[in-house]
Each structure stands twice: as C-alpha cells, then as structure tokens.
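The structure appears below as structure tokens.
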Amino acid sequence: MAKFYDTLLGEYIKNPWQKKIGLDSLALNCFNYKMISYDEITGKWKINFKDVNLSDASVYSGEDVYMTHKIYEKQKEEKINENKVLQEIEIPLLEVLKNMEIGGVKINRDKLKEIGMLLENEIARLEKEIYHLAGENFNISSPKQVGEILFVKLGIGATKKTKTGFSVDSDVLESLSHKYPIAESIKNFRHYKKLLSTYVEGLINEMDDEEKVHTSYNQTVTTTGRLSSTNPNLQNIPIWEGIAGEIRTAFIPYNEQDFLLAFDYSQVEVRLLALMSWDENLISAFQNGIDIHYNTAKFIFGKESISKTERKIAKAVNFWVIYGISPFWLSEMLGISRSDAKNYIDKFYENYPKVSNFFDAIIKNCEENGFVETIFWRRRYINGINDKNRIIKQSAEREATNMPIQGTSADIIKIAMIQIYDFLKKNNYKTSLIMQVHDELVFNLIAEEKEKIIPEIQKIMENILPNKNIKLLVEWNIWKNWKEAK
DNA sequence: TAGGATTGCAA
DNA sequence: TATTGCAATCCTA
C-alpha cells in the first residue's frame, strides 16, 4: 500500500468516463454541499490569498480538507481504495510524473526562433500570393472567409459542408489544389501558420529562465487510461518530414555533454492484439520475427511476393483492426474500391480467426456488464452498447474493442515508468525521465551512465508482461536532439 | 468574456 | 461511416 492516497485518482479509477470528478462537483453530487469558490474568497478584485482575512481563509481551507476526507471515507466504503490499478499504478505514478514535470524539458530557443523566421517569411510570401489570386485582402485564418472567397467569389464548386457552412479543411483544399493554385497556397499558409503559432510561439511562451518547458501530465482525463499533456502539450509535437520535423531539433538535453535517450514500444498495439486474442497466426508471426504488415499482406493478397503498395494497404488494415474502421472509410483512405476494402477485411479475419472471436467476446461481455477491461483490470463503462440505434451501437462497439488494447498499452508504459523511476533512484543515477508520449519514453541521459542503464531500461520495459505468449519489443536511440533520437 | 465550431498536430 | 487527446483561431451569444 502506498503511503498516501488521492481521492481524485480514486474517482477516476471508479469511472474514467465521468467528466466532473473535481472536489467541488463531488461535494455537490455526493453530499449536496456547495463549496466556497476561490473567486468568492478573493473577491472581485482577485486579491492575493495571503491577504484574505483569516477567518474566511480558514473556512475555505478547512472545507477542502474536510470534504476530501469525507470523499475518502465514501471511497473506502465503496472499496475503491483497494483497487489494484489505483494502488499499484496510478498512485505510485504520481511521484514519477511530479519529477518529470519539475525536471522539465530543455528547449533551444535560438533554434526555435530560427525556424520561426523561416516560417514567417513563407507565411508573408503566401499571404501576398493568396490576396493577389483572390483579388482582395481577407482573413486567411477564417474558414468562413476562405469559403466565401473560394465558393462564392471565385465560383468554385463546393464539395463538402460543415454544420455552419462550407468545409475548407485540408482534404478539400488538397482536392482543389490541382485545378486552383489558390487552394494549394491556402493549404500551405495554414500549415506554416499552425507550426508558427502552436509550436514555435507556443513553446517559446511556455519556456522558463532556464529555457525549459514544464508540461502538466493529467492522469484523470482519458477514458482509456492514457495520460494527457497540457501547457504545453508535448504529446503532439510534429514528426513530419521537412520544416515541421525541424521543431524536434529544438528539444535538447539539459547540458552540452548529455544526450536525449528515446525508447519506444515497437508496434505495441498489434502485439497486444496478438497477446490478448491468442490468435496462432498473429502470435507465430511475432515469435518468428516476421514483419507483421508483410504477414497480413501475404494473407490478404494470397501470395508471397509483396509490393510496397500492398504492404501499405496491409499496414492500414492492421491499423484498422485496432480502431474498427468501416470498409467505406478504408476504401476512402486508401483510394481503393469498397468491395476490395471489404475483401481485405474479410481476408484478415479469415486468417486471424481468433481476433474475430476476441472482439465478439469483448462486445458480448460489454453488453451484459456494461464495461470493458484491460489485462490489468482497468475498467471503462461504455454508453450505448445496448442502444437500438445502429449508428450509436456500432460506435459503442468500436470504443469497447479499442479500449482494452489502448488501455493495456497505457497500463504497461505506466508500470514501466514506475519501475524505471525506482531503478534510477535506487542506484543514484542522474539520468532522468523527462517525457512520455503514449508508447515512447524520453530520458535526459548522463553520458557516463549510458552503458549501465540502457540494457536495464530495455529489460524493464520488455518484461512488464513476463511469461506471456509473445514478447514486447522496444527500440532505442540516442542523439543530441529529439528529431535524431526518434 | 465564455464557449462552440473548425482545423490540425500526435500515438 | 475511425480510437484517444490539446491548442490556436474565429466568431457568436
């Protein structure tokens, strides 16, 4: 048992789907008690808390402590405090995340500014070009104005609509770009603008005096058990080729002599599908080190010699299984016919029959009990699993089949983080964990510790699930920035 | 000023 | 007619 407890994590474990699990809403819902808000106590002038009069401050603070304890007592009655995921994963993870957040990630400000200058030049150039092609100035960042220019003023035929008007997303612009140069330019403008405002300016704004950013990892947001990251979000930094990929070169080690060390789980979700479904063909492919996309391609195309395009299709089909995409969408995404898409999916299930059984069993169980679980028994309730509406029912089924895989992957990396943190701490290593991106862990590596810790971290990560039918596999890289270490 | 809508970035 | 997220921006209420 951990030495401390967290009621917020307790509520999250009980039901990760419910949104309002904060102290204020729990007090209201469980005990019909309205907590004093911070705004009420600091008044409309937003005075500093130290200037609040003592009796008001005491009541406000006492209320927090009292209510937290009341909720703790309630959770004890419900035996939430005995939950294994809570005790063995979420609560121990708190200290790991705290240290990652405080440690921060070092950013090369000059490098970011350099990228920013390039982007600004491109944006200015494209802006002029777009105004010229449109014959007037307008706000290119406004979807509404872009729609008016393209589909009203220039009279281009609109293809897609949103709730409020014309859709002008990148797919639409892409489809118009061959015929209309302005569409291509707007698409590029958007791309560069996104990089500049979200990543270059966004990161610079979050940097402290030491050129570090300190993200917040939120443990109680996702329905599957994954973490999320905010201020800044370090889990959606671009990885594209070209200038977008350059953003990652600005992520650097703390000191010049250090390195970034990145570990990632290789194809973890497909591996977990094999492990959890017990499908012999999937398992033997992994056991024999056969490229899994090639293996699927062999099945769906019924031949040994596989082209690059065929492997790409097989990769999409493998990917599809995790998310439950329909043949329609698969055909759209791959630019193939719907009957081909359906055929590939059927072939997949014919050759990996236990995957099909596995999903059926999850859905059946969910229909009866209302929830699904990971192999570590993390639970998620699924709304709409017994809905009469086919669309809602199918959507619920996709959520139900996705969660055990995505959630187990989340469990595994969280356990790895705890074990690695303990290992580094126990041996007084100065190397530290600085980022988590769902299936990847990034460390600030102290050069002289390299030989000792890399094999140990690899061992920990690969052995979270010992004695299973297939092995987890991790890959690692070290470099002076995150782009090259990936 | 708050919050919905659109868009686009990641695993 | 694809799973899970977060942020910038626009724009209406």
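Letters A, B, ... mirror the listed sequences (proteins, then strands); counts begin at 1.
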Name all residues meeting the ring pair (Phe, Tyr, Trp, His ring centres under 6.0 Å) criterion together with A:Phe189; count only those two or more places apart in sequence or in a different chain, and write none if there are none. none
Contact check, residues 154-188 of chain A vs DNA chain B, heavy-atom distance under 4.0 Å, returns A:Thr162, A:Lys163, A:Thr164, A:Ser167, A:Val168, A:Asp169, A:Ser170
CD1 of A:Ile247 versus P of B:dC9: gap in Å, rounded? 11 Å
Can you tell me which residue pairs pass the salt bridge (charged side-chain N to carboxylate O under 4.0 Å, His left out) test with a partner in residues 178-193 of chain A, sequence neighbours excluded? A:Glu174-A:Lys187
Contiguous Watson-Crick or G-U pair runs (3 or more, under 3.5 Å) in DNA chain C: B:1-11 with C:3-13
First-last contacting nucleotides on DNA chain C - partner chain A, under 4.0 angstrom, heavy atom: C:dT1 to C:dT12
The criterion is ring pair (Phe, Tyr, Trp, His ring centres under 6.0 Å); which residues satisfy it with A:Tyr421, sequence neighbours excluded? none
Identify the residue among A:Thr215, A:Thr220, A:Thr222 that makes a side chain to side chain donor-acceptor pair (under 3.5 Å) with A:Asn218. A:Thr220
Among all residues two or more places apart in sequence or in another chain, which pass the ring pair (Phe, Tyr, Trp, His ring centres under 6.0 Å) test with A:Tyr192? none
Please give me every residue in residues 338-363 of chain A whose heavy atoms get under 4.0 Å of an atom in DNA chain B, ordered by residue number. none
Using ring pair (Phe, Tyr, Trp, His ring centres under 6.0 Å) as the criterion, list what pairs up with A:Tyr12, not counting sequence neighbours. none
By side chain to side chain donor-acceptor pair (under 3.5 Å), which residues pair with A:Asn318, not counting sequence neighbours? A:His293, A:Thr296
Review item, side-chain donor-acceptor pairs of residues 384-392 of chain A, under 3.5 Å, at least two apart:
unit_1	atom_1	unit_2	atom_2	d
A:Asn386	ND2	A:Glu367	O	3.0
A:Asp387	OD1	A:Asn389	N	2.8
A:Asn389	OD1	A:Ile391	N	2.8
A:Asn389	OD1	A:Ile392	N	3.3

List in chain and number order the residues that pass side chain to side chain donor-acceptor pair (under 3.5 Å) with A:Thr374, two or more places apart in sequence or in another chain; answer none if no residue qualifies. A:Asp411
